[in-house]
Structures are given as C-alpha cells and as structure tokens.
Amino acid sequence: MPNSTVKSFYSTTPIFYVNDAPHIGHAYTEVATDVVTRWHAQRGENAFMLTGTDEHGEKILRTAAANKTEPKDWADKLVHDSWLPLLDTIDIRNSDFIRTTEPRHEKNVQKFVQHLYDTGFIYQGSYEGNYCVGCEEYKTDADLLDGEGAFEGQPVCAIHSKPVEKLKETNYFFKLSEFQQPLLDLYSQEPDFVAPDSARNEVVSFVRRGLDDLSISRSKEKFDWGIDIPWDDSHITYVWFDALLNYITAIGYGEDDEKFRSLWPASLQVVGKDILRFHAVIWPAMLMAAGLPTPKQVFGHGWLLVGGEKMSKSKLTGIAPEQITDTFGSDAFRYYFMKAIAFGQDGSFSWEDLSARYQAELANGFGNLASRVLAMVGRYFDGFIPEPGEYTEADLAIIEIARKATNDADDAIERVAIQDAITSVWTLVDELNNYITVSEPWVLAKAEENRARLGTVLYVCAEGLRALSVLLAPVIPKATGKLWAAVTGGSLGALDDATIASAAEWGILPVGAKIGELEPLFPRIEAETEGQ
RNA sequence: GGGGAGUUAGCUCAGUUGGUUAGAGCAGCGGACUCAUAAUCCGUCGGUCACGGGUUCAAGGCCCGUACUCCCCA
C-alpha cells in the first residue's frame with residue numbers, strides 16, 4: 001500500500017543462480033537484508049524487500065538437458081524444491097520474488113535494451129576470445145592455465161579446469177567506457193554509494209584504470225536460453241545484463257510507473273563482495289544510460305569462513321541452512337550470523353561458536369530473562385501486570401537504557417551495522433538481568449510492606465520485555481512474537497504494529513493486563529555434536 | 001606484476017580524527033544468590049597490540065620495510 005506520506009525503503013538481495021545448491025552463504029545475505037528491511041518496516045516505513053532467481057544461461061540449459069527436461073521446467077523444479085523452501089527455512093519476509101523467466105521481467109528487459117539501443121548506448125561490434133562455459137564468460141589469457149591429464153596441451157579455465165572454447169562472434173556492446181567519469185563522480189559525490197569503505201576503495205581504483213565496453217549479447221548459434229535482443233532475433237541478452245535488471249522489472253519498470261516511482265531508487269542493495277563490481281560499476285552505468293536514478297547504496301558483505309577458508313560446496317565445507325535450523329531453529333540462525341559477524345567483513349563460522357552463543361546469549365541471557373520475569377508476575381501477582389509506584393534511581397536507569405538502546409540500534413541500522421545494533425539492544429537484556437538480581441524481588445515478596453516496591457520492579461521488568469520484543473523482532477521474529485503475546489496478553493495489538501520508537505517510550509504496558517503462558521524461547525540443547 | 005584488506009588475551013572480535021594503567025563476549029578460576037531454561041550477579045586470572053626500523057612530548061593507531069593470510073585486477 002504505497003503511501004506518499006510514508007518514507008519507502010526498498011531493499012534487494014542478489015537473485016539466486018537457480019542451479020546452485022542453497023548454502024549458508026545464500027542464507028546469510030538473505031537474513032541480513034531481511035533484518036534491515038524488517039527494522040525499517042518496524043519504523044513504520046513502507047518497506048519492500050525483493051529476492052528471486054536468475055534462470056537464464058548456457059549452464060542451466062545444459063543441466064536441464066542432462067536431466068532430460070526443458071530449462072523452464074528445470075528452473076521451476078529448483079525454485080520450488082530449493083529456493084522457496086530456503087526462504088521459509090530462515091524465515092525471510094520478502095515482499096516479492098522475481099524470476100528472470102517471468103514475462104514481467106523478459107518483456108521489460110527488452111524495453112530497457114531497446115531504449116539503450118535507440119539512444120546510442122548499445123552498438124554492434126565483434127568479439128573474439130576464449131569462452132568458458134562454466135563461467136559463462138570470456139577469459140583473458142591470464143585467466144587460463146595449461147591443461148593437465150586429459151586436457152594436456154589445451155588451455156583450461158583456471159576456475160573450472162576445463163578447456164575453453166575459441167569463439168568469435170558479432171555482438172552488441174554497451175558503451176560502459178563512456179561512464180568512467182560519471183561513475184567516479186558518483187562515488188565522490190555520494191560516498192555511501194558503495195559500502196563498506198574497503199569495498200568502495202576497490203571499486204574506485206578499478207574504475208580509475210579505465211573501463212572497456214561490455215558485450216551484452218550472445219549469438220543464438222551457441223545457445224538460446226535467454227532473452228531475445230529485440231531488434232535482432234539471432235542474439236540473446238548476456239545473462240548479467242539480464243539479471244541486473246530484475247531490480248527494476250520486479251517493481252514495475254516499463255509497465256507500472258506509479259509503483260516503480262514509489263520504490264525506485266532502491267535504498268539498499270546487498271551483495272556479496274564477489275559480485276560487487278557488477279553492482280557498483282556496470283549496474284549504475286546501465287541506469288545512468290537509461291536516465292534512471294542510481295540506488296542509494298550498494299553494500300558488499302564479506303565471506304563466511306569455515307575453518308579459515310571461504311565456504312564452498314566444492315571444498316565440501318558447504319553447509320545447508322537446515323543443518324543449523326533443524327537443531328537450533330531459524331531465530332538462532334538469524335541471530336548467530338548477525339551478532340557474531342561484523343556485516344561487511346569476513347567472518348568465521350563454527351558449530352562450537354554457534355552452540356556457545358545459543359546457550360549463553362539466547363537461552364541463558366534472553367530466554368531465561370523472559371522466563372524469570374513472567375514466572376514472578378505469575379507467582380506474585382497472579383499473572384496480572386502490577387502497577388508501578390514511584391521510580392527509584394535503579395528503575396530510571398533501566399528506562400534510560402531502553403531509550404538509549406533503541407536510539408543506538410536505530411543509528412546502527414542506518415549504517416547497516418547490524419552487529420552493532422544487536423549489541424546495543426543486548427545492553428537491555430544484560431541490564432535487566434542485573435537489575436533483577438540487585439532488586440531481589442523474591443525478597444520483596446516475603447514482606448507485605450514491600451508489595452508496592454515489588455510491583456514497581458516487576459512492572460519495570462515487564463516493560464523491558466515489551467521493549468525487547470519490539471527491538472529484537474527484526475532479528476528473532478518467532479521468539480519475540482511469542483514473548484510479545486505473553487507479556488502483553490493481547491493488550492497492545494500486534495507486534496508488527498509496534499514501532500521502534502515505542503520501544504524507547506515508557507509506561508505503555510497497561511496495568512492489570514493478564515499475561516499469557518510462555519514456553520522456553522530457546523530451550524537448552526543437549527546434544528553438542530550436532531551438524532555432521 | 002598492480003591495488004585493497006587483515007595479523008590485538010586460550011577462542012571470536014572492538015578499538016573514532018595518535019594522548020592517561022589496551023577493551024568486550026565466551027572459556028577458566030573464586031564467591032554471592034535462588035525468581036528463572038543448573039539459569040543470574042559480583043570478583044578474578046589472562047596481551048612485548050605479527051616482526052624490524054622511523055616520525056612524535058606521545059603510536060595498536062601515522063611512515064618505510066619484512067613475514068604470513070585473504071580478496072580484486074592485469
């Protein structure tokens with residue numbers, strides 16, 4: 001429901017290459033984008049998150065053939081068997097899911113390409129080079145190695161170790177070279193366009209060295225699984241050119257101007273650092289050529305390292321997200337990767353660390369806090385939220401911490417510093433646990449004259465839980481949903497409707513509300529050797 | 001060959017523009033407490049900030065070099 005008076009926040013993830021097997025790297029990108037987007041939604045903004053699948057290209061055509069099926073059927077199967085389930089596994093709340101084989105995409109990619117052709121940014125040329133089918137791109141000599149074994153004497157792709165094919169074709173080229181200066185201007189005028197700084201530095205130095213025009217078509221003689229070049233049906237669009245355009249075709253480019261204008265330019269486009277160049281160089285150049293605004297920010301995040309190495313299926317360290325969620329749940333998955341790793345830097349994953357943080361932070365820190373507070377409200381006040389009396393210094397300190405945690409976390413999200421945001425929120429978890437110990441409600445409960453004080457202490461605790469439900473909802477939506485339901489007892493409506501700002505306010509929980517039951521949010525996990 | 005990032009307590013990491021005795025969490029050790037998922041709270045142990053030079057009144061932070069790790073480009 002686009003509303004012009006409400007700020008919009010449009011975020012994107014890269015689209016999954018449909019042939020890949022989902023692993024925690026994919027899930028990591030999705031979760032990060034989802035957390036930031038949910039936070040903006042919780043602020044009351046018109047938040048829209050896009051993800052999807054990239055389904056064109058020679059490799060998919062070949063895989064489909066190897067599986068004795070049509071490429072579209074093959075992609076259908078993978079989307080439904082792998083990618084949609086992945087989003088469910090890690091609790092992603094995307095607003096839309098674009099597939100590059102959908103008419104809304106194909107048709108409007110053609111419009112875009114035609115527009116660039118008409119305005120002279122695309123021209124015909126010829127290209128000769130060594131093509132690697134695995135990479136789906138031409139390789140320079142430096143990318144090639146001498147073949148070994150069966151491929152003795154042939155140049156092979158350094159990545160795939162398979163022979164490259166010598167190809168010469170007439171192609172259409174995008175005048176990327178004309179955008180060197182405009183891109184450099186963009187980077188300097190909008191320093192946050194590429195983040196973090198390390199990524200920005202790489203991009204800037206790359207563009208400073210000059211840009212070559214980019215081949216954006218492939219002859220159908222080779223394969224024809226792609227989008228036709230509209231004025232020349234002997235060519236199809238190069239997969240990357242096709243794929244990048246998903247970010248605008250999904251939101252109405254070419255056919256729904258109102259929707260498109262309400263969301264574009266994107267606020268945040270999250271990518272892994274391996275594909276940063278496509279998103280921070282080629283993509284903005286394409287948009288400039290078409291006269292469209294560039295996204296506010298392209299954020300390149302780091303790799304997940306397993307045992308010190310980049311995780312990949314070929315190194316057999318690829319980990320399927322369900323391996324983690326089956327044992328720990330989706331909330332723990334989301335929390336762990338967001339809290340343990342500085343977003344933007346490489347980070348190491350280990351089962352030991354995951355397990356330790358689950359136990360120490362989620363079960364003992366947060367989950368147990370919820371249990372002890374609700375148990376005391378139940379035991380001492382029959383489950384009714386007590387009335388607070390006059391606040392002492394200790395109470396006011398908690399109120400202030402809730403306010404500060406909210407503001408600090410909000411600032412951190414603005415910088416896409418997800419880890420910092422959670423750390424800020426966690427100060428409230430820790431301080432509440434501390435507050436309870438110091439306030440000793442179980443001692444107060446022993447003497448009737450302390451009844452008022454006991455009520456105040458537990459009201460402060462309950463309000464703290466209310467604030468935490470809101471602040472942690474973007475990260476651990478399932479657990480906070482249960483906690484919210486229990487602590488408000490339905491007195492404050494839906495958690496989704498509670499704004500971030502309300503977490504910084506005090507005294508919102510109605511006195512006399514009946515709390516609900518709460519099962520342990522993060523039950524202890526006995527087996528410590530899971531995940532082999 | 002060119003460029004970028006990194007190397008800080010057993011582990012994972014913070015350390016703004018250089019400025020008092022280098023921090024956190026976890027793990028370890030000692031204690032307190034019992035509302036709670038044997039949870040919580042307090043205290044404590046622990047670092048020649050990769051190595052070698054240099055600039056400075058002052059460097060984990062700046063400069064030069066070396067080693068190792070990773071990434072991008074050619």
Side-chain angles (χ1 to χ4, degrees), chain A residues 139-144 158 194 196-212 272-278 280-281 300-312 336-337 339-381 394 411-412 415 417 419-420 422-424 426-427 429-446 454 457-458 461-462 465 479 483 518-526 528:
Chain A
K139 313 301 283 190
T140 62
D141 290 346
D143 292 327
L144 303 176
V194 188
D197 287 345
S198 54
R200 182 171 177 278
N201 291 341
E202 282 194 10
V203 167
V204 169
S205 59
F206 172 75
V207 173
R208 279 204 181 119
R209 283 196 292 271
L211 298 169
D212 293 330
K273 64 184 182 182
D274 52 329
I275 54 174
L276 183 68
R277 235 177 68 230
F278 290 98
V281 180
H301 71 245
W303 299 122
L304 297 183
L305 308 178
V306 178
E309 287 187 38
K310 182 193 166 190
M311 184 215 48
S312 70
Y336 173 71
F337 285 104
K339 176 73 187 307
I341 298 169
F343 196 59
Q345 296 180 26
D346 290 353
S348 33
F349 164 85
S350 72
W351 289 100
E352 292 74 17
D353 192 35
L354 167 62
S355 192
R357 285 178 184 274
Y358 178 90
Q359 205 68 267
E361 300 172 22
L362 290 175
N364 298 350
F366 178 65
N368 181 57
L369 171 65
S371 291
R372 63 198 303 212
V373 170
L374 291 174
M376 286 190 281
V377 171
R379 179 187 296 203
Y380 303 140
F381 290 94
D411 290 346
R415 305 193 311 271
Q419 184 188 43
D420 290 354
I422 298 174
T423 299
S424 294
W426 224 257
T427 59
V429 174
D430 292 336
E431 290 302 328
L432 277 171
N433 270 323
N434 190 9
Y435 170 82
I436 293 171
T437 302
V438 172
S439 303
E440 298 182 304
W442 50 90
V443 173
L444 297 174
K446 287 174 183 160
L454 178 62
V457 168
L458 291 182
C461 291
L465 291 183
L483 176 57
L518 184 67
E519 61 193 273
L521 296 175
F522 297 97
R524 295 184 69 77
I525 291 169
E526 299 305 334
E528 297 285 324

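Throughout, a chain's letter reflects where its sequence line sits, starting with A, and its residues are numbered from 1. Everything quoted here is computed from the prediction, not taken from an experiment.
Considering only residues two or more places apart in sequence or on other chains, A:D353 meets the salt bridge (Lys or Arg N to Asp or Glu O under 4.0 Å) condition with A:R357. In terms of the side-chain contact (heavy atoms from CB on, under 4.5 Å) criterion, A:A375 has no residue partners (sequence neighbours excluded). Under the side-chain hydrogen bond (donor to acceptor under 3.5 Å, both in side chains) criterion, A:N364 pairs with no residue at all, not counting sequence neighbours. A:R379 pairs by the side-chain hydrogen bond (donor to acceptor under 3.5 Å, both in side chains) definition with nothing, not counting sequence neighbours. In this structure A:N368 satisfies the side-chain hydrogen bond (donor to acceptor under 3.5 Å, both in side chains) test with no other residue, sequence neighbours excluded. For A:Y380, the side-chain hydrogen bond (donor to acceptor under 3.5 Å, both in side chains) test picks out no residue, with sequence neighbours left out. Remark: A:A360 pairs with no residue by the side-chain contact (heavy atoms from CB on, under 4.5 Å) rule, at least two apart or across chains.
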Short heteroatom pairs, N/O only, protein and nucleotides 1-3 of chain B, under 3.5 Å:
none

Can you name the atoms? Protein N/O to nucleotides 13-15 of chain B N/O, anything below 3.5 Å, with the distance.
residue	atom	partner	partner atom	Å
B:rC13	OP1	A:S348	OG	3.4
B:rA14	OP1	A:Q345	OE1	2.6
B:rA14	OP1	A:Q345	NE2	3.1

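Rounded to an integer number of Å, the gap from A:L211 CG to B:rC73 P is 13 Å. Taking atom CZ on A:R208 and atom C1' on B:rC72, their separation rounds to 16 Å, with Å as the unit. A:I436 has its CD1 atom 13 Å from the P atom of B:rU37, to the nearest Å. A:E519 places its CD atom 13 Å from the P atom of B:rU37, with the value rounded to the nearest Å. B:rA5 atom P lies 20 Å from atom CZ of A:F343, rounded to whole Å. As a whole-Å value, the separation of A:N368 CG from B:rC33 P is 19 Å. A:K446 has its NZ atom 10 Å from the C1' atom of B:rC35, to the nearest Å. Between the CG atom of A:L432 and the P atom of B:rC41 there is a distance of 11 Å, given to the nearest Å.
Listed candidates were B:rC72, B:rA36, B:rA39. Nearest to the side chain of A:N364 is B:rA39. For A:R524, whose side chain is taken as the heavy atoms from C-beta onward, the closest listed nucleotide among B:rC35, B:rA39, B:rC42 is B:rA39. Counting only heavy atoms from C-beta on, A:M376 has its side chain closest to B:rC35 among B:rC35, B:rC73, B:rC41. Considering only the side chain of A:F206, B:rC73 comes nearest among B:rC73, B:rU37, B:rC41. Out of B:rU37, B:rC73, B:rA36, the shortest distance to the side chain of A:A363 is found at B:rU37. The side chain of A:N433 lies closest to B:rC41, out of B:rA39, B:rC41, B:rC35. With distances taken from any side-chain atom of A:A375 to the nucleotides B:rA36, B:rU37, B:rC42, the minimum falls on B:rA36.
Every pair passing side-chain hydrogen bond (donor to acceptor under 3.5 Å, both in side chains) that includes a residue from residues 434-444 of chain A is listed here, sequence neighbours excluded: A:D395-A:Y435.
A donor-acceptor pair is defined here as one N or O able to donate and one able to accept, closer than 3.5 Å; no such pair exists between the side chain of A:N433 and the backbone of A:L369. Between the side chain of A:S355 and the backbone N or O of A:E352, no donor-acceptor pair lies under 3.5 Å.
Heavy-atom distances to RNA chain B give each of A:E431 and A:P441 a nearest nucleotide, and the one nearer the 5′ end belongs to A:P441. Along RNA chain B, the nucleotide nearest to A:V443 and the one nearest to A:L362 differ in position, and the one closer to the 5' end is contacted by A:V443.
With both ends at atom C1', the span from B:rU12 to B:rA27 equals 11 Å, rounded to whole Å. B:rC45 and B:rG30: their P atoms are spaced 15 Å apart (whole Å). Here, B:rU56 and B:rC72 have their C1' atoms 35 Å apart, quoted to the whole Å. Nucleotides B:rC57 and B:rA14 are separated by 28 Å at their C1' atoms, to the nearest Å. B:rC11 and B:rU66 have their C1' atoms separated by 28 Å, with the value rounded to a whole Å. Taking atom C1' on both nucleotides, B:rA58 is separated from B:rA22 by 15 Å, rounded to a whole Å. Taking the C1' atom of each, B:rG46 and B:rG3 are spaced 39 Å apart, rounded to whole Å. Atom name C1', nucleotides B:rG28 and B:rG10: the rounded distance is 9 Å, in whole Å.
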- How does protein contact run along nucleotides 22-32 of chain B, one letter per nucleotide 5' to 3', with B for base contact, S for sugar-phosphate only, - for none, heavy atoms under 4.0 Å? ---S-------

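Here the CD atom belonging to A:Q359 is positioned 12.0 Å from the CZ atom belonging to A:F522, to the nearest 0.5 angstrom.
Contact detail for A:A479 and A:L521: the closest heavy-atom pair is O-CD2, 3.6 Å. Between A:L483 and A:A370, the shortest heavy-atom distance links the atoms CD1-CB, 3.8 Å.
At the heavy-atom level, A:D353 lies nowhere under 4.0 Å from the strands shown. Contact annotation for A:Y380: backbone-only contact, meaning every heavy-atom pair under 4.0 Å involves sugar-phosphate atoms and none involves a base. At the heavy-atom level, A:L521 lies under 4.0 Å from base atoms of the strands shown.
Counting only Watson-Crick and G-U wobble pairs whose two distances sit under 3.5 Å, RNA chain B takes part in these stems of three or more pairs: B:1-7 with B:67-73, B:10-13 with B:23-26, B:28-32 with B:40-44, B:50-54 with B:62-66.
Side-chain contact between A:L211 and A:F206: present, with at least one pair of heavy atoms (C-beta onward) separated by less than 4.5 Å. Side-chain contact between A:Q419 and A:I341 is absent, with no heavy atoms from C-beta onward closer than 4.5 Å.
Between A:Y336 and A:F349, the ring planes are perpendicular. Angles over 60° get that label, and only those under 30° would be called parallel.
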